[in-house]
Amino acid sequence: MIGMSIVKRKPLPAWVMLVIPVAAVFVTLIITSVPILIAGGNVFKAYGALFQGALGSKFNLLETFVKASPLVLTGLAVAFAFRAKFWNIGAEGQLFAGAIMAAWVGIYFTWLPAFLVIPFMIIFGFLGGGLWATIPAFLKTKLKVDDVVTTLLLNYVILHIMGALLFGPMQMEGSSWPRSASIMDAAFYPMLIARSRFHLGIIISLVAVLVIWFINNKTVFGYQSRGVGINLNAAKFGGINTNMVILKTAIISGGLAGLAGVGEVAAIHHHLMMDVSPGYGYTGIVIAMLGNLHPIGVALAAFFFSVISVGAQTMSRVAGIPIYIVGVIEGVALMTMLIFILLTEYKIRWTKS
Amino acid sequence: MEGRILEKQAVIEMQGVTKRFVDVIANDKVDLSLFPKEVVGLLGENGAGKTTLMNVLFGYYNLDGGEMLINGEKVSFSSPKDAINHGIAMIHQHFTLVQTQTVLENVMIGMEGSFFLDYKKAKEKLSRIEKGFGFHLDPDAVVWTLSIGEQQKLEILKALYRDAKILIMDEPTAVLAPTETIELFETLRNLVKSGHSIIFISHHLQEVMEICDRVVVLRNGKRVAERKVSETTIPELASLMVGRELLERLDRGKLKTGKTILEAKDLKVKNNRGITAVDNLSFVLREGEVLGVAGVSGNGQTELSEMLFGEVKPEEGEIYISRKKVPGGSPSSVIKEGMARIPEDRIKTGLFMDLSVKENMILESHVKEPISKNGLINMKEIRSFADNCINSFSVKTDGMDAPVKSLSGGNLQKVILARELAGDPKLVVACQPTRGLDVGAMEYVHQAMLNQKENGAGVLLISDDLDEIFLLSDRIIVMYEGKIMGEVSAEEADRDKIGLWMSGVIS
């Protein structure tokens with residue numbers, strides 16, 4: 001009989017961690033060629049169309065960036081929280097909080113000088129998401145309530161708060177739909193490349209990647225936040241105010257997700273509506289894991305997801321494969337990555353007995 | 001021994017047993033035999049391969065080479081269940097009891113038989129065994145109300161209930177008070193008389209000499225020697241075990257005590273079970289002395305150290321460092337007052353196992369200049385600080401960027417020592433600083449503490465290793481059930497008296 005056991009392996013060199021996401025993507029594409037074959041498609045043609053659709057022209061490439069922008073921010077939000085073992089499943093809700101604040105500023109702060117509207121939206125959106133995330137952080141540190149549960153369930157709370165606002169005080173006059181009035185022109189994120197949707201938010205998300213990298217690697221807070229995540233006891237023992245670290249981590253994490261909400265309102269929809277996010281907050285969890293919680297990894301993972309989701313349209317048209325393959329690829333990518341990460345610490349040993 | 005082989009069949013015969021882990025050979029062609037009514041001591045330093053060998057015998061690990069015979073019949077165990085079916089029982093250092101269940105229920109676990117529990121029959125069998133071997137455990141007592149010694153007896157009872165003929169005891173005396181050890185040995189002698197055989201794992205030479213018939217010494221995974229106890233001596237066994245002569249005594253240096261550096265006043269705290277763990281405890285530590293806190297583990301030492309380290313806030317009482325009162329439950333205040341802290345559990349509280357060596361070096365100094373300034377860390381300073389630490393404490397590592405988890409236990413402790421002793425602190429509080437270390441690392445830690453004392457620091461040494469207490473202390477206090485049973489200077493201390501204090505007897 002052949003048995004299988006999982007045993008610890010000795011630490012791998014650091015470069016392995018860089019190779020792993022790439023390898024995981026490759027393995028993913030190999031695995032997902034099975035459903036493509038079953039759907040009657042030609043694998044090479046399908047993947048060709050996928051990448052052509054996402055990267056093949058300037059316009060397509062810029063669209064891929066547009067799509068990646070909110071994913072980078074929610075991915076960073078989740079990764080930053082997870083690094084401190086603050087299990088923030090609530091990026092979706094924090095995104096809503098940011099979107100609500102952005103819409104509020106964008107619609108009603110007409111007294112502001114035009115050049116201050118966007119900075120105000122960004123600051124309010126960040127604080128909206130950040131403060132919304134402090135609720136589970138307080139519950140975790142003061143009452144030891146499980147953060148997975150609270151962050152997840154608060155998504156529904158804010159969703160209904162948004163619904164109440166959109167059917168109530170924020171509803172556009174004369175509309176019977178749950179949507180707000182449009183934001184003022186000064187609140188539109190500027191488009192940075194002509195005849196495209198390449199907007200300010202994309203730059204903001206790239207800056208966020210660098211800022212989070214800087215915090216993680218160069219600041220005392222980054223050290224403390226990682227320490228809290230790795231060993232709470234040791235962090236306390238070392239004199240770190242762990243509750244404060246968790247609280248600050250929550251604010252930054254929620255704030256990043258809030259910025260994603262600002263971007264959707266200010267650059268894409270230009271008003272607030274119930275489906276302001278097609279689940280970017282939840283996809284952010286997958287992206288954070290796929291990026292191994294590293295800011296650069298998150299940026300690349302978000303870009304990969306964006307490639308798939310933008311390119312899938314073309315693939316569907318050219319190779320006749322249902323667009324739902326996107327979900328399959330995303331799911332397989334996550335599982336492959338998680339297995340690969342596991343295999344960096346453990347190895348499988350086959351035993352004969 | 002040859003005579004024995006002729007007259008009796010060995011109950012256990014391990015031949016050329018080899019067990020490999022990733023890149024370590026934990027057991028290298030080890031032979032071990034055990035005869036009926038025999039107690040064999042398995043002696044070796046930490047990491048010599050004793051526990052691995054026994055885990056192979058008990059079916060936790062597969063063999064990578066060699067073979068095992070039980071009563072002359074070749075066996076291959078794929079799980080402990082197979083070993084139990086062959087009449088082998090293992091008594092672990094950490095008990096595997098359900099604390100909230102009764103003695104009887106614990107004995108019955110895994111032996112329930114059919115769907116219905118037959119308490120009456122089980123109780124009859126249990127009381128028959130208890131009578132036979134002179135145990136006096138109430139079958140209806142709940143486990144957590146039992147003393148450690150009684151819990152250990154329960155573990156033995158569990159084995160006997162399963163009709164075990166061979167008992168593997170993994171450092172059974174490590175948790176016991178001296179009087180409890182005497183009782184344990186009494187029990188073991190009874191078992192041997194009735195036909196049981198015992199493998200006794202220990203690194204306490206005195207005990208091995210007392211209870212064993214034969215000793216097998218392991219070193220670096222190899223069997224280096226086998227001796228009849230009647231034909232060997234403690235010094236010989238010690239040198240076989242470590243491969244060199246043990247330092248008989250360290251030079252404790254002269255005692256030049258200075259002013260009071262640490263004072264605990266009427267400290268009181270409950271443990272997490274809500275029981276008073278430290279009760280009105282007071283002591284004074286002066287510069288230039290080592291104050292040893294002796295006691296059987298579990299008598300409030302952990303809680304005392306947690307209060308001193310600032311991890312736990314005392315319910316009553318005060319702590320003064322250099323005559324300045326420090327707020328309870330604040331590690332950062334204690335660090336600021338300059339206490340070097342060596343925690344009991346280096347992995348759980350002392351280190352970030354997933355971070356690098358250098359990142360572990362700055363746990364306490366990362367908020368101070370020059371390691372960081374204005375919230376930004378200075379990598380250059382960290383590297384030179386870590387480099388210094390690694391060199392001055394000769395930490396064996398693949399460099400400061402290596403993950404700390406790749407280090408051995410002794411080197412993990414050196415990382416902590418290096419970090420804590422870096423600024424020549426005036427106050428060192430160490431809790432079980434050599435637990436789980438091998439003799440070499442142990443000596444290193446001891447020397448480091450004495451160096452601190454020579455430099456004029458006050459050292460508080462909390463340890464359940466009485467040898468260590470005697471080796472280092474200038475003054476000894478003994479804790480029992482959270483209280484101080486007595487205080488004595490090193491010159492006047494004698495082991496018998498301290499042993500009695502440790503078991504709660506005031507003489």
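Letters go in sequence order (proteins before strands), and every chain restarts at 1.
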Quiz item: Just wondering, more than 12 heavy atoms not from B:Asp398 lying within 6.0 Å of its CG?
Solution: no
Practice problem: Let me know if B:Asn62 has heavy atoms under 4.5 Å from chain A in its side chain, its backbone, both or neither. | Solution: side chain
Self-check item: Portion of A:Asn217 that has a non-hydrogen atom of chain B nearer than 4.5 angstrom
Solution: backbone
Quiz item: What residues, two or more places apart in sequence or in another chain, satisfy side-chain hydrogen bond (donor to acceptor under 3.5 Å, both in side chains) together with B:Asn27?
Solution: none
Quiz item: In terms of heavy-atom pairs under 4.5 Å, which option from B:Glu311, B:Glu359, B:Glu306, B:Met353 contacts chain A the most?
Solution: B:Glu359
Self-check item: Residue, of B:Gly375, B:Ser332, B:Ser372, that accumulates the most heavy atom pairs under 4.5 Å with chain A
Solution: B:Gly375
Exercise. Could you name each residue pair satisfying ring pair (Phe, Tyr, Trp, His ring centres under 6.0 Å) that touches residues 329-363 of chain B, not counting sequence neighbours?
Key: none
Quiz prompt | side-chain contact (heavy atoms from CB on, under 4.5 Å) between B:Val56 and B:Val17, intermediate numbers included | solution = CA-CA 9 Å; B:Val56 168; B:Val17 166; 4.1 Å; yes
Practice problem: Output the option from B:Ile362, B:Asp354, B:Asp345, B:Asn378 having the highest count of non-hydrogen pairs under 4.5 Å with chain A. | Solution: B:Ile362
Exercise. Report yes if the side chains of A:Lys142 and A:Asn243 come closer than 4.5 Å at any heavy-atom pair, otherwise no.
Key: yes
Self-check item: Most contacts with chain A, counted as non-hydrogen pairs under 4.5 angstrom, among B:Thr349, B:Ile335, B:Ile347
Solution: B:Thr349
Quiz item: Under a 4.5 Å heavy-atom cutoff, which of B:Leu363, B:Leu351, B:Ile371 has the most pairs with chain A?
Solution: B:Leu363
Exercise. Let me know if A:Ile240 has heavy atoms under 4.5 Å from chain B in its side chain, its backbone, both or neither.
Key: side chain
Quiz item: Given a strict heavy-atom distance threshold of 4.5 Å, which part of B:Arg346 is in contact with chain A: side chain, backbone, both, or neither?
Solution: neither
Exercise. If the plane angle is over 60° it's perpendicular, under 30° parallel, otherwise tilted; pick one for A:Trp87 and A:Phe82.
Key: perpendicular
Exercise. Could you check whether the rings of B:Phe309 and A:Phe237 sit parallel, tilted or perpendicular, using 30° and 60° as the cut-offs?
Key: perpendicular
